[in-house]
Asker: 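This is the structure I have questions about; it appears just below.
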Amino acid sequence: MNRAIGDRVARLSGYGQRTFADGYIFRPGSVEEVINVFHEARRDGRNVTLRGAGRSYGDQAIYPEAYVLEIGRMNRILSWDAQSGIIDCEAGATIETLWRHTIEDGWWPPVVSGTMYPTLAGALAMNIHGKNNFRVGTLGEHVLDLEIVTPTGEKLTLLPTDPLFPAVISGFGMFGVIVRVKLQMKKLESGNLKVLAVSPANWDEQFELFEEHETEADYMVSWVDCFAKGTEAGRGQFHAAWYENGESIDRRSLWVSRQDLPDMIMGIFPKSLVWRVLKLLCNRTGMRLLNWAKDRAGRLLDNGKFHTQSLVAFSFLLDYVPNWRNAYLPDGFIQYQSFVPKEHAKRVFSEQIKLQQESKLESFLGVLKRHRPDSFLFSHAVDGYSLAMDFKVTKARWDELELLCHRMNDIVLAAGGRFYLAKDSTLRPEDFQQYLGDSTLKEFWRLKRLIDPENILMSSLTSRLPVLRTPLEHHHE
Ligand SMILES: Cc1cc2nc3c(=O)[nH]c(=O)nc-3n(C[C@H](O)[C@H](O)[C@H](O)COP(=O)(O)OP(=O)(O)OC[C@H]3O[C@@H](n4cnc5c(N)ncnc54)[C@H](O)[C@@H]3O)c2cc1C
């Protein structure tokens with residue numbers, strides 16, 4: 001490979017900016033260059049870590065001293081059929097690339113994360129879910145075929161019927177480099193959603209709202225105030241949304257220019273400055289106040305009302321505030337998301353929040369979603385709910401925070417719940433083993449031996465969870 005294409009040493013982290021590792025960055029522009037990275041790694045005795053846009057929160061796409069293969073330069077759209085909605089593209093294309101390319105033809109990615117910046121490769125390696133998970137499943141369920149390059153330099157095209165397909169999707173970069181993806185997009189009539197906002201007063205009302213809308217809404221999501229206690233515990237703001245259709249829709253809502261997020265908030269305040277204000281509030285007192293104010297504002301202004309919102313504004317709310325993660329500096333933050341069967345979700349989440357309040361380590365943001373199970377190898381979803389929470393990290397209280405997460409894990413596991421590797425920073429190997437079960441791990445090792453016999457593909461996540469590393473014969477470390 002032409003070394004001038006960008007190998008350099010850089011300090012990398014996940015989105016939470018808590019753990020870092022130095023790696024040698026390679027940014028291949030073609031399949032041949034991908035194959036070459038493996039050649040060089042083998043020659044130099046290095047591991048390879050795959051990286052998309054670095055939007056996973058923890059140690060999923062870093063590994064000390066590794067050759068880090070960043071897929072972002074392979075981002076071309078190879079073909080687009082505006083009749084069938086089938087798009088074929090290099091896997092470094094982002095969710096943003098997809099919607100910008102297709103929306104004016106009346107199509108939208110079937111599943112999107114809360115940010116538009118992930119690459120398709122990274123999104124499929126984690127098998128992301130959206131606010132429509134309960135209706136349409138994960139992103140992997142909409143893939144028609146994909147192509148990978150294995151660490152031995154083989155190029156494989158995988159169809160959904162291929163036994164490797166459900167392992168590559170969800171397999172957090174352990175089975176090869178996803179280099180091309182063919183995806184079925186979702187047909188739209190309008191670029192807007194009809195959105196209902198309701199302010200549940202407590203946990204009971206939260207879950208009643210999800211149950212009321214789960215058979216007919218296209219999207220559902222709810223914010224939870226993790227500081228609220230007693231009869232107000234679980235209060236927040238629920239949103240259900242529906243694709244607009246019918247006679248009266250405005251087709252101009254499909255224009256890219258109508259979707260773009262504004263540069264100013266309320267027309268006057270540059271959004272690039274917002275994280276600096278957030279940083280001032282990024283402590284327990286400030287966040288208690290902000291959560292309270294959000295709750296009051298929701299109750300006074302929006303409760304029970306419908307409004308129209310662009311798909312981009314509804315889907316990628318977090319992209320409104322660029323660099324918001326910097327508010328958590330210097331020590332960063334972690335996200336904790338657990339998935340709990342519907343019968344136990346209310347109890348588990350309310351216990352999790354009580355534990356946080358007892359330790360005075362409340363999450364500054366809580367987001368509740370409805371899910372459905374899927375059959376990918378490292379599936380995280382269940383027929384139930386997830387609560388995602390952001391915890392500020394401070395060096396002084398890290399041990400306490402880790403202990404809190406472990407106590408929360410115990411409750412989740414006892415309820416038959418699951419976890420999501422894209423968000424994880426604190427799972428213990430035994431937690432991981434328990435929710436996945438021995439048969440999943442055995443299948444992982446079987447496929448890993450087949451596809452990556454020298455165990456070249458590694459990440460800091462897999463070294464934190466050693467159950468993923470044994471019992472290979474040849475460790476390439
Ligand atoms: C603000 C925010 C909101 C989010 N909202 C959601 C959400 O709503 N739902 C959700 O499911 N997730 C959500 N996420 C998580 C995010 O969608 C996932 O972590 C996703 O995997 C990030 O993709 P990436 O391109 O940044 O990949 P990275 O984070 O860089 O890597 C992710 C994984 O993919 C592997 N990988 C990278 N490239 C390849 C490749 N070419 N082939 C094979 N494996 C590869 C990596 O090794 C790693 O294991 C959110 C993240 C943020 C920061």
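We count ligands from 1, going down the list as the structure has it; atoms in each ligand are counted the same way.
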Asker: I'd like to know if the side chain of Ser460 pairs up with that of Ser463 as donor and acceptor (distance under 3.5 Å, no hydrogens or angles considered).
Answerer: no
Asker: Show which side-chain atoms of residues 161-178 pair as donor or acceptor with protein atoms under 3.5 Å away, not counting sequence neighbours.
Answerer:
| from | atom 1 | to | atom 2 | distance (Å) |
| --- | --- | --- | --- | --- |
| Asp162 | OD1 | Leu164 | N | 2.9 |
| Ser170 | OG | Pro166 | O | 3.3 |
| Ser170 | OG | Phe378 | N | 3.0 |

Asker: Going by salt bridge (charged side-chain N to carboxylate O under 4.0 Å, His left out), name the residues that satisfy it together with Lys294, two or more places apart in sequence or in a different chain.
Answerer: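 Testing Lys294 for salt bridge (charged side-chain N to carboxylate O under 4.0 Å, His left out), a comparison that skips the adjacent residues, returns none.
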Asker: According to the interplanar angle, ranging from 0 to 90°, do the rings of Trp324 and Tyr328 count as parallel (below 30°), tilted (30 to 60°) or perpendicular (above 60°)?
Answerer: perpendicular
Asker: Kindly indicate whether a cation-pi arrangement holds for Lys187 with Trp107, taking the cut-offs as under 6.0 Å to the six-membered ring centre and within 45° of the axis.
Answerer: yes
Asker: Which protein residues come within less than 4.0 angstrom of ligand 1, counting heavy atoms only?
Answerer: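 Protein residues near ligand 1 are Tyr15, Leu50, Arg51, Gly52, Ala53, Gly54, Arg55, Ser56, Tyr57, Gln60, Ala61, Ile71, Ser113, Gly114, Thr115, Pro118, Thr119, Ala121, Gly122, Ala123, Ala125, Met126, Ile128, His129, Phe172, Gly173, Gly176, Val177, Ile178, Leu318, Trp324, Lys369, Tyr420, Ala422, Lys423.
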Asker: With salt bridge (Lys or Arg N to Asp or Glu O under 4.0 Å) as the rule and sequence neighbours excluded, what pairs involving residues 134-148 come up?
Answerer: Arg135-Asp218, Glu141-Arg372, Asp145-Arg180, Asp145-Lys182, Glu147-Lys155, Glu147-Arg180
